[in-house]
Each structure stands twice: as structure tokens, then as C-alpha cells.
Amino acid sequence: MLHSDPAAVEMGLPVEEVRSAVADLVALCLLRPSAGDEGGRTGPEGSVGYVASNPEVAVTHLVGPIEADIRRLRDRADRLGAQVMAMKPVFEEAWQGHFMKSPIEYLNTLDAIRVTLERIAASARVEILAAHPQVPPPEALEDGYRRTAETAGRGILSRTLYPHSVLSHHYMRQHMVHMSELGVEFRTVSHIPDRMLLFDASTAVISDPEQPPGQGALVVRDPSMVRYLYRSWESAWESGRPFDDSRPDTATAAPRDEQRRSVLRLLDTGMKDEMAARRLSMSITTYRRYVTELLAELGAHSRFQAGSYARRAGWLDD
């Protein structure tokens with residue numbers, strides 16, 4: 001049994017300091033008054049006697065009520081969370097309805113792009129217009145043929161724009177022939193800035209400029225914006241050259257002439273080779289081969305000079 005005053009004398013410490021320490025230990029439930037002192041009896045010189053408590057017992061006394069409060073708060077939080085989350089399906093349904101009607105919808109994954117395109121194409125009733133800036137890989141053409149066959153079977157008209165460079169690829173020419181048999185019309189132009197799809201002149205799907213190529217898309221439903229995109233597409237279509245593979249003797253020469261004109265136009269602007277090659281959807285090696293041939297043919301000593309000579313000679317006139 002511990003009495004604070006005698007203990008202070010025994011340890012040679014001030015009584016107040018010992019009493020303060022004892023009070024701290026009592027507050028931590030590590031000391032408790034002895035059974036006799038709880039009944040009013042005191043020790044020497046009126047000091048109260050204390051008995052040490054097992055720390056495990058002390059923890060139960062101290063932490064038990066706090067843990068009980070935590071459990072009550074946790075139960076309350078769970079009940080409130082369940083009540084709030086019960087509204088999640090209602091919110092998602094309402095939000096989706098609003099989002100689908102918004103002027104612009106952002107698609108940030110390839111799966112979202114694919115599912116959305118299939119859904120919009122399934123609802124098309126009149127015509128689907130497309131513009132593709134790059135030469136697609138062979139493995140992507142089979143899926144495109146399947147989707148087009150489905151829409152053509154429903155009587156949907158299709159028109160597609162490609163850059164002239166696609167005509168130098170045999171597999172692309174074969175694909176375009178097969179698609180033409182389904183009723184698809186093709187034209188080629190010198191340059192297509194971005195991929196674009198137009199459905200019934202009411203919905204447009206364009207590349208998201210903030211995302212890497214092919215990784216993001218925007219679904220545009222605003223009537224004014226769609227009309228602008230539609231007019232832009234029709235303007236490119238009017239200036240395009242119809243695809244005609246019915247004359248095999250000229251099938252190879254025609255695209256080459258268009259490509260040479262496209263290269264000359266870019267030479268005339270002074271555009272760097274790497275950027276020009278990307279613009280025309282061809283490799284840098286192929287582009288530079290065209291440049292070398294054109295420099296020799298024109299007797300020019302520089303790329304810019306070749307473009308200038310071609311312009312003055314009327315080679316770039318449409």
C-alpha cells in the first residue's frame with residue numbers, strides 16, 4: 001500500500017510533487033484507493049493509501065467507454081451511409097439521362113468509344129458520313145466491314161473520306177472495292193485533319209484533341225455545332241476525288257499523281273519532312289523519296305524552290 005506523504009519523505013521529494021504524480025496515476029487507473037481508505041480511514045498523518053492496479057484492468061476502465069462510444073458512432077455512420085447510398089441508383093439513372101442529352105459527351109476509354117459508336121450507329125436511319133485521317137491497319141478493316149454490312153442491310157447510306165495516300169496500299173484498295181459493293185461511296189483528299197463520324201446530320205463523333213490519338217472522343221449533339229461539322233465534311237467531299245477501281249491500267253498511276261501534288265503543296269509551305277509525312281499518312285522514308293524525285297524532275301535545289309517551281313508551272317492548280 002502506498003501513502004503519498006510518507007512516500008515523499010522516504011524518497012526525499014516535495015510532498016506536492018508526489019501528490020501530483022499520484023493523482024496522475026489515479027487518473028490513469030493505475031492506482032486506486034485501498035479498500036480501507038475508501039471507507040474513510042486514512043494512513044499516517046491523514047494520508048490516503050493507494051493500491052496498484054493491473055494495467056490491463058486500467059485499460060479496460062479507461063478505453064472501454066471510449067470504444068463503446070466509437071462503436072455507437074460507427075453504427076450510426078453505417079446507418080446514415082446506407083440511407084444515403086440507397087439513393088445512388090436513382091441519382092445514376094437521372095444523371096445518365098441528363099448526360100446523354102448534354103451537347104457534348106466525353107469518351108475516355110476505347111471500350112466507351114466502341115460501345116457508344118455501336119449504339120449510335122444502331123439508331124441511324126438515313127446516312128453515316130466518315131472522315132479518316134490515317135491509313136487504318138489491316139486488322140481493323142474486318143470489324144469496319146462487319147459494321148458497315150449491318151447498316152447497309154438496313155438501307156443506311158455511307159460515304160467515307162480518306163487521304164490520297166490510302167490508295168498506294170493494295171489492301172486498302174481491296175477493302176474499298178469490297179465496301180463499294182455494299183454501297184459505300186469513297187473519295188480521297190490531300191489532307192484530313194481529324195477523324196470524324198456524322199450520323200443523320202444530327203450527331204457527330206470527333207477525336208478528342210486533349211487525348212492521345214485514338215484514346216478519346218467527343219460525342220457532339222448540339223445542333224449548331226453538328227451543322228458546322230456537317231458543312232465542313234460536305235465541303236471536303238465536294239473537293240474530293242471519287243474512288244474508281246474499274247480501270248486497272250490507271251489504278252496505280254492516279255494515286256501517285258495525287259500524292260505527288262500533295263507533297264508539292266507541302267513543299268511550297270516549307271513544312272518540315274516529319275510533320276509533312278504525318279500529314280499525308282506516309283512514312284518519312286516514302287515522303288523523302290517523293291521529295292528527291294520531285295527535286296530532280298523540277299531541277300530544283302531545295303524543297304521550297306521545288307514547291308515554288310511547281311506552283312509557277314501550274315502543277316498545283318486544281
Side-chain angles (χ1 to χ4, degrees), residues 113-114 116-207 214 217 219-220 225-259 261-262 279-282 318:
I113 295 172
R114 178 182 56 80
T116 300
L117 285 176
E118 290 181 353
R119 173 171 49 79
I120 298 175
S123 64
R125 293 294 177 267
V126 180
E127 186 176 46
I128 298 176
L129 311 180
H132 301 287
Q134 302 291 335
V135 179
E139 57 271 16
L141 300 180
E142 183 177 350
D143 190 46
Y145 182 86
R146 176 187 59 79
R147 290 196 303 268
T148 303
E150 190 277 328
T151 56
R154 294 190 286 116
I156 308 300
L157 303 177
S158 296
R159 291 186 286 160
T160 299
L161 283 168
Y162 276 118
H164 294 314
S165 56
V166 302
L167 300 177
S168 63
H169 297 270
H170 180 65
Y171 76 89
M172 277 300 304
R173 299 182 69 86
Q174 285 187 318
H175 170 72
M176 294 167 74
V177 169
H178 294 155
M179 294 281 276
S180 297
E181 294 171 353
L182 295 176
V184 180
E185 295 182 53
F186 291 97
R187 290 190 181 184
T188 60
V189 294
S190 60
H191 172 60
I192 297 174
D194 292 297
R195 188 183 185 196
M196 177 167 58
L197 296 168
L198 287 157
F199 300 86
D200 295 340
S202 62
T203 303
V205 180
I206 60 176
S207 300
V219 181
V220 181
M225 297 177 66
V226 174
R227 281 196 299 270
Y228 170 78
L229 294 171
Y230 181 80
R231 288 196 300 268
S232 299
W233 189 95
E234 283 288 1
S235 176
W237 179 262
E238 290 299 322
S239 66
R241 193 173 289 269
F243 171 67
D244 182 6
D245 204 52
S246 61
R247 294 181 297 172
D249 56 322
T250 60
T252 303
R256 180 174 175 82
D257 289 343
E258 290 297 340
Q259 288 177 6
R261 286 161 60 88
S262 298
R279 174 74 63 88
L280 298 176
S281 302
M282 63 176 62
D318 292 324

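Each residue takes its place number in the sequence, starting with 1.
Note on residues 143-157: pairs passing salt bridge (Lys or Arg N to Asp or Glu O under 4.0 Å), not counting sequence neighbours, are Asp143-Arg146, Asp143-Arg147, Glu150-Arg154. Residue pairs satisfying the ring pair (Phe, Tyr, Trp, His ring centres under 6.0 Å) criterion with at least one member in residues 118-143, sequence neighbours excluded, are listed as follows: His132-Tyr162.
Separating the OG atom in Ser239 from the CG atom in Leu161 is a distance of 8.0 Å, to the nearest 0.5 Å.
Evaluation of the side chain to side chain contact (heavy atoms under 4.5 Å, CB included) rule for Pro242 yields Arg187 as partners, not counting sequence neighbours. Taking the side chain to side chain contact (heavy atoms under 4.5 Å, CB included) definition, one finds that Glu185 meets it with Arg159, Trp237, sequence neighbours left out. Listed by chain and number, the residues in a ring pair (Phe, Tyr, Trp, His ring centres under 6.0 Å) with Tyr171 are His169 (sequence neighbours excluded).
Closest approach of Gly240 and Val189 over heavy atoms only: CA-CG1, 3.5 Å.
Between Thr148 and Val184 the shortest side-chain heavy-atom distance falls below 4.5 Å. Side-chain contact between Val226 and Thr203 is absent, with no heavy atoms from C-beta onward closer than 4.5 Å. With contacts defined as side-chain heavy-atom distances shorter than 4.5 Å, the pair Val126/Ile156 does not qualify. Looking at heavy atoms from C-beta onward, Leu280 lies out of side-chain contact with Pro163 at the 4.5 angstrom threshold. Within the 4.5 Å cutoff, side-chain heavy atoms of Val205 are placed close to those of Phe199.
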What pairs of donor and acceptor atoms, side-chain ones from residues 175-182 against any protein atom, are under 3.5 angstrom apart with sequence neighbours left out?
residue, atom, partner, partner atom, Å
His178, ND1, Gln174, O, 3.4
Ser180, OG, Met176, O, 2.7

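Test Thr160, Leu129, Leu117 against Leu197 for side chain to side chain contact (heavy atoms under 4.5 Å, CB included) and you get one pass: Leu117.
Judged by distance alone, the side chains of His164 and Thr188 do bring a donor and an acceptor atom under 3.5 Å apart.
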